[in-house]
Amino acid sequence: MQLIPCPWCGPREETEFHYGGQAHIGYPQDPSALSDEEWARFLFFRANPEGPFAERWSHSAGCRRWFNAVRDTRTHDLLAVYRIDEPRPVIS
Amino acid sequence: MTVETPRRAPLGEWATRLGELAPALSIAEQPFLTHLSLRVRSRAPMAALGEVLGTGLPRQPCTFASGTGRAGAVDVAWLGPDEYLVMAAPGIQPELESLLRQALDGTASAVVDVSAQRTTLSLAGPAVRDVLAHGCAIDLHPRAAPAGTCVQTLLARTGITLLVRADDEFTLLVRQSFAPYLAAWLVDAAAEYRTERT
Ligand SMILES: [Zn+2]
């Protein structure tokens, strides 16, 4: 089983975690000004890269905190984990 | 008119079967303990809090601290970066709650009585780490989990909070509704360590 390193609790089994989709998606400044298409883009359109992808995880069976991780979608390697209020780290 | 119904320990009916696991594994339920959820920011008045609790808040994630303060002996477990669980003797919820509220007066914080959420088991004995290892992925070797460790994790797919008090001595918190299932699992997992009695 894959171990996921919670920024607070350290490495734990993946069954302790829940996936939260792509990270760093900001809520629209003025939602009512958005066209239907723009709103749909905000709600449903997500990147699907082959390679490093910044995404949200929740340590739901542990400290119950949300955090961000950069995962390589080809290998499932977690390249970095960082707290929800930290910027996406630069992965070389 | 209110009718007083006697309180039932969540695992009262399991006491005999759990007791039969000794001496390899001694399990005793400590029902009705005072459990208070404490949410505080790092700017909270730590000195005043420490006076009530008899200990500072645990600084490291996944640890707990014990002390004897103005409300008697307490354990304080780290549950998250701004979240702690205060455990104390049964029946002192109102007293401890108001002491903590006084200490935190005027700061962004919360004290909530969550005593009804969980029941508490004390586990000890030479087989305790082997039994837990049947259903828990955490490395409980004393080198990896020394006394003072407190982990929230899964045991047999059930969410638990586990406090390491000594090498072979643990305190296990489990939701009341999951407690009978976990008791059944413990009895089953410990079967191979039981010594036959004549
Ligand atoms: Zn965690």
* Tell me, side chain or backbone of B:Ile138 under 4.5 Å from chain A's heavy atoms, or both, or neither? ->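 Contact with chain A is through the side chain of B:Ile138 alone.
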* **Under 4.5 Å from any heavy atom of chain A - which part of B:Leu154** =>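 Contact with chain A involves both backbone and side-chain atoms of B:Leu154.
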Taking [X] for the side chain and [Y] for the main chain, is one N or O donor matched with an acceptor at less than 3.5 Å?
X        : Y        : value
B:Arg70  : B:Val52  : no
B:Gln152 : B:Thr161 : no
B:Ser115 : B:His35  : yes

* Got a salt bridge between B:Arg129 and B:Asp168, using NZ or NE/NH1/NH2 to carboxylate O under 4.0 Å? ->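 Yes, charged N to carboxylate O under 4.0 Å.
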* Asked: Does any donor atom in the side chain of B:Thr34 or B:Gln93 lie under 3.5 Å from an acceptor atom in the other side chain?
  ->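 Present: a donor and an acceptor within the cut-off.
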* Between A:Thr15 and chain B, which part of the residue has a heavy atom less than 4.5 Å away: side chain, backbone, both or neither? ->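 Looking at A:Thr15, backbone and side chain both touch chain B.
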* With chain B, which of A:Arg12, A:His59, A:Glu13 has the greatest number of heavy-atom pairs at distances under 4.5 Å? ->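 Answer, by heavy-atom pair count under 4.5 Å with chain B: A:Arg12.
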* To do: Count the heavy-atom pairs under 4.5 Å between each of B:Thr153, B:Leu79, B:Val151 and chain A, then report the option with the highest count.
  =>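 Max contact count across the listed options: B:Thr153.
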